[in-house]
Structures are given as C-alpha cells and as structure tokens.
Amino acid sequence: MAATAPTPIPITTISELRQYHSQLVRLGLASHPAHARRLLAFLARDPARLPYAARLLAHHPDPRPALLNPLFASLPPRAAAALLSLMLSMPLQPDHFTFPRLLPAAPLALAAQLHALLLKLNFHSHTQTLNALLAAYLTGARPDLASRLFRTSSSSMLDVVSWTTVVGGLCRLGLVDDAREVFDGMPERNLVSWNSMISGYVKAGRYLDALEVFDQMRALGVEGNGYVAASAVVACTGASALARGREVHRWVEQSGIEMDNKLATAVVDMYCKCGCVDEACNVFDSLPTKGLTTWNCMIGGLAVHGRCNDALELFRRMEMAGVAPDDITLVNVLTACAHAGMVTEGRGYFRHFAESYGIEPKMEHYGCMVDLFGRAGQLDEASKVIDGMPMEPDIAVLGALFGACKIHGNVDLGEAIGWRVIELDPHNSGRYVLQANLLAGAGRWDDVTKVRQLMDERNVSKEAGCSVIEVDGEACEFRCGSLCHPQEEDIYAMAIDMVRRIRAEGYVPDTSEVFHDVAEEDKEESLLYHSEKLAIAFGLLRARPRETLRVTKNLRVCKDCHEATKYISLVFEREIVVRDRNRFHHFKDGTCSCKDYW
DNA sequence: TTAGGGTTAG
C-alpha cells in the first residue's frame, strides 16, 4: 500500500522543516520530487541553510538539476547565485533549463558571469539559453551587448523568439527605430512579433507608425488575436483616429476575436477618447462581464465628457454589482464631482471610499479635492486641503490650486502659487503661460514681460498650439499661426467669414489671454489663427452637412476659442467636439458640456 | 523555455 503524503503544513522555520523532513523520511517520501523540491525551495531562500540542502541532495538517490531549476526563477539574485554555486559544487551539471530559469531575474553583473559560465559549459549554442541571455542584457539596458550577441550568433541558432526578444527589448529601451530595423529583417514572424512592434510604437507615442505596421500585417493576410487588436485600438486612441478606431473595432468583430476584458476596455477607452461616449456606453453595456478597469474607464470617460451625473450613476451601478472600487475609481468619481461643481458629494465620496473600502487617500486624491474646491471657487477650502495633507503636496496638487486661481482670477494667491509651481517645474512652458495669463488678466504687463524674460533666460519655449481634425477618415493637423495646406486660402477665407458671422450674433473676441502687449486689432488677429479655429474652419469647409466636427488639441482650449466655438455651433448648426489636454467639450446650440468650467 | 494587450486628478 502506498504511503499517504503528510499534510502539507506550512514551513516557516527551520524546525518546522526538520519536522516535515523527518516525517517524509519515515514515510519513505523524502526523495519524491515534489516533496524534495518543497524542502529545497525553503532551504534555498536563505544561503545559510544551503549546507542542509547539500546534505539533502547528497542523500538523494537521483540528484538531478531538475530539482533545483524551478527554484531559480523565484529567488532573489544573491540567493540564486548561491544556489548555483551549490549546484556546481555537488557537482550537479546545469542543464538546458538552468540558464533560462536563472537569467531573467539576473542583474547585469550576474548575467555577465552566467554568460561566461555558459560559454564554458557549451550552452552558447542552445537557443533558449541564448534567448534568455539576450533578454537579460536588454532588461539590463545593455542593447550593445545584446546586439553583439545577436549579430555574432549563427542564424541557425536564432529562432522567432530570439528575434522577437530583441525587437521587444529595444522597444522597451525606447530604441524603436532600431527595433524596426530588426523587425524588418525577421526571416519569420508570429503574432507576438507583430504585436511587439505595434505595441512598441504605441509606447513610444508613434501611433501612426503602429497603425502602419498593423496594416502591413493585415495586408499579408495574417489573422490577428486579442493582443494585436488591443494594441491597434490603443494606437487609434493615441492618434485620436476615430474612423480608424471604428474600422479596427469592426475588424475585431468580423474576425471573431474574443472581446476579453482587456480588449473591451481598450475599445471603450478608444471611443471615450475619440469623443464618442455614447458608442463607448454601447460597447460597455454589451459586455457580459466587466472588469474593474473597464468600470473605471467608463466612469472616467463619462466624467471628462461632462456627463458627471451619468458617471456617478454608473459608479452606483458598479457598487450594486458588488465590484469593489480602487483608488483610480476614486480619482474618477472625484473628477466627476469636480467638473459638476458637486462639492458636498465629492466630500462624501472621499469619506465613503475610506470608510467602506479602506481606500486611503493618496496624493492624487488630495489633488482631486483641491480641484473640487478650487473649481467651485472655494480657494480657502482648497488651501486647507493642502495644509492638512499628511504628505508634502507635489507639483500636481499645487498645480490644481494654481489652475483654480486662474479660473477665478485670484491674482494674489495665484501669483504666489504660480511662482512656486514654476520653480518646481521650470521646464514646463504651460506653467509660465498660465502665470503670464493670470497677470495679463490683471493688466500687469510689466510682470508679464518678466515671465517672458524668465522663459527666455531658461530657454523654455511656449509649446505651439496644434489641433487635429479628422475629415473623411483622414487626419489633418493645424498649427497655431501657420497653414501648410493645399486649401490654405479657402481655409483662411472660411475662418474670416466664420468670425464675421458669429460676431453678428454677439461674439466679442476675448483678448485677455493674449499676452503680447500689442494693439487690440493685432491681438484679435492673432486669435483668429489659433489652431482650433483653423481646424474648425477646415471642418466646416470639408465635412458633410450635419457631421459632427471632432477636434483634438494638444493644449487647453483658450477662453476665446471656447467662446467662439459656442457661437459657431449655434450659427452653423454644428455639433463640435473638442478634446483638449484635460477633457472634452461638446459644443451644441451655443453651449458647451463643460458649462464653462474647465 | 523564451516574446506580447486595458483605466488615473491638474
């Protein structure tokens, strides 16, 4: 009759181990691989216990590297190195699994030593070992060593994993162009290779390049999977390319790729960030199961679109569904409250999350609270939040207060915070611009000049406004003040006509944020060339009647463009959706979804 | 045994 295994008591101390070990010996099970490995796993965690492990192995009837190999992956580098020494001293020869287990977690110095050792032991022509070594050099940020190893290895030893490892590793180091060169030279690719290149471009912010590779993949007739689909969708999100996003979504549905949680979240996020919350809601509602991230994404999406009550309603649905929120949920819920001016509710949620879910407020939550009070004009309360924080406020928290001072024209508090923010973030041109705007609003032109001088001295240049509009599925980019477009003259003429017509309805150019101290007409003219006005003018020229215009801007919308766009939506009977750096503005019939609160 | 995908305030 076979002996039954002892109850697997937890092993936390050496005496517990001895007890367990003697029990195994009594039952004749000490050499059983699963039990022996359990004993060794405990012993290997502390190099001081390795002599015990050595005795154990010495008494083992069939000591094999397989007993130790699985342990390497979960050990800290020093313990792993000590265990390897033990292995070599037994002597127990490393096998084909030893180095692939050891290398991934190895810091650079250890990886180099292992490299030398595996050369000596003749493992350099083993593909998996070579792949693990390539990965170790790349995670250790030594693309030079990885490339040399890669180039000097004979091509018969390199498999698709070797190539993909190099592509992915170079991407992670930000060397996307190098990665692309390797990718283009691949003798064979699989879906992981395609996705490594596509997601590599996405992480580098090179969304159009990502889509180009994705197109290339489809043109070759390669069928995708959920990973590739998610990367392509994220590329569309980044590029604000709604038409392409819709097309990728259709492709997913047609090719029968399963909409798992991650892919679904990417699609929901794409629709949100491309300005189509309703489509995002449709996808969201159609999902049989929703992960926490999916809920978070949808709640946040509604919030930044100004659909604050819907966002809070959705949060209640989430609670009803028994899904426990996390700290990102709290950020999104507070954002919804802040954008709707719901101060009391926001306070309530702040407490509710701590009391009901044990979510301790973090830096970003204090930032949200500052924003909540600040937007509502309660600058004292906002300052109190900062004073009462258990940690030093970071630049974002101070930035929120600064932004609030700008909205409410509080020059006294705002100027002081502004200087602090500038000193903490001296290379961010946006901080200087906000400070200059604040001072310009108060007519303090000398101080505006000082801000500009400071920017010059520090070589900080104002980021140029840039707006993108998609017409007929093609993205057109406009930069503030300049046009490089075949329809240049028509667009200018349209912009001028546009402003003429909305003026007739009561629009007055708001030059308070033009911080050159020049004649009023020049200021008005400079407003006309703001990138979003040019983009909208182009949209009016080219889009189909009643088609919603969707503009994405790199900076925040200025006060004047915001006002003008409200009038344009009224006079031209157009819905216009503008995504700016912070949020979405839905202009319709002369009003904006942000309720002039941004 | 090696390689790949989603959410976060201003």
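Residue numbers begin at 1 in each chain, while the letters A, B, ... track the order of the sequences. No hydrogens, no waters, no symmetry mates; every other heavy atom, side chains included, goes into these values.
- Picking from B/dG10, B/dG5, B/dG6 the nucleotide with the shortest atom distance to the side chain of A/Asp260 gives B/dG5.
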Report all side-chain donor-acceptor pairs from residues 275-283 of chain A shorter than 3.5 Å, counting only partners two or more places apart or in another chain.
residue, atom, partner, partner atom, Å
A/Asp278, OD1, A/Arg307, NH1, 3.1
A/Glu279, OE1, A/Arg246, NE, 3.1
A/Glu279, OE2, A/Arg246, NE, 3.4
A/Glu279, OE2, A/Arg246, NH2, 2.5

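- The side chain to side chain donor-acceptor pair (under 3.5 Å) check on A/Asn195 picks up A/Ser231, with sequence neighbours excluded.
- The stretch residues 153-176 of chain A comes close to DNA chain B through A/Val161, A/Thr164, A/Thr165, A/Arg172, each having a heavy atom under 4.0 Å from the strand.
- Under 3.5 Å, the side chain of A/Thr294 and the base of B/dG6 form at least one donor-acceptor pair of N or O atoms.
- Identified under the ring pair (Phe, Tyr, Trp, His ring centres under 6.0 Å) test for residues 155-193 of chain A, with sequence neighbours left out: A/Phe150-A/Trp163, A/Phe183-A/Trp194.
- Residue A/Met298 contributes atom CE, which lies 12 Å from atom P of B/dT8 at whole-angstrom precision.
- Taking atom CG of residue A/Asn332 and atom P of nucleotide B/dT7, one finds them 12 Å apart after rounding to whole Å.
- Between A/Glu360 atom CD and B/dT8 atom P the separation is 23 Å, expressed in whole Å.
- Straight-line distance from the NZ atom of A/Lys203 to the P atom of B/dG6: 7 Å, rounded to whole Å.
- The list of salt bridge (Lys or Arg N to Asp or Glu O under 4.0 Å) pairs with a residue in residues 367-384 of chain A, not counting sequence neighbours, reads A/Arg347-A/Glu381, A/Asp371-A/Arg375, A/Glu381-A/Lys384.
- Rounded to a whole Å, the CE atom of A/Met389 is 13 Å from the C1' atom of B/dG10.
- For the salt bridge (Lys or Arg N to Asp or Glu O under 4.0 Å) condition, no pair includes a residue of residues 155-171 of chain A, sequence neighbours left out.
- By the side chain to side chain donor-acceptor pair (under 3.5 Å) test, A/Lys262 is found to be paired with no residue, residues two or more places apart in sequence or in another chain being considered.
- Evaluation of atom-type donor-acceptor distances gives no pair under 3.5 Å for the side chain of A/Ser196 against the base of B/dG4.
- When atom types are taken as modelled, the side chain of A/Ser74 and the backbone of A/Leu71 share a donor-acceptor pair closer than 3.5 angstrom.
- Of all nucleotides listed (B/dG4, B/dG6, B/dG10), B/dG6 comes nearest to the side chain of A/Val234.
- A/Tyr207 pairs by the ring pair (Phe, Tyr, Trp, His ring centres under 6.0 Å) definition with nothing, not counting sequence neighbours.
- A/Leu401 has its CG atom 18 Å from the P atom of B/dA9, to the nearest Å.
- A heavy atom closer than 4.0 Å to some atom of DNA chain B occurs in A/Glu364, A/Gly367, A/Cys368, A/Asp371, A/Arg375, these being the qualifying members of residues 364-378 of chain A.
- Here the options are A/Thr293, A/Asp269, A/Asp310, A/Leu314, the test is side chain to side chain contact (heavy atoms under 4.5 Å, CB included), and the partner is A/Met298; only A/Leu314 passes.
- A close approach under 4.0 Å does not occur between any side-chain nitrogen or oxygen of A/Lys362 and OP1 or OP2 of B/dT8.
- Listed nucleotides: B/dG4, B/dT8, B/dG10. Nearest to the side chain of A/Val331: B/dT8.
- Proximity of the aromatic rings of A/Phe315 and A/Phe353 is defined here by a centroid distance below 6.0 angstrom, and this criterion is met.
- Remark: nothing in residues 276-286 of chain A comes within less than 4.0 Å of DNA chain B through any heavy atom.
- Contacts classified as salt bridge (Lys or Arg N to Asp or Glu O under 4.0 Å) and involving residues 160-177 of chain A (residues at least two apart or in different chains) are given here: A/Asp177-A/Arg206.
- Checking B/dG5, B/dA3, B/dG10 against the side-chain heavy atoms of A/Asn190 singles out B/dA3 as nearest.
- Rounded to an integer number of Å, the gap from A/Leu103 CG to B/dA3 P is 11 Å.
- Under the ring pair (Phe, Tyr, Trp, His ring centres under 6.0 Å) criterion, A/His352 pairs with A/Tyr357, sequence neighbours left out.
- OP1 or OP2 of B/dT8 sits under 4.0 Å from a side-chain N or O of A/Lys273.
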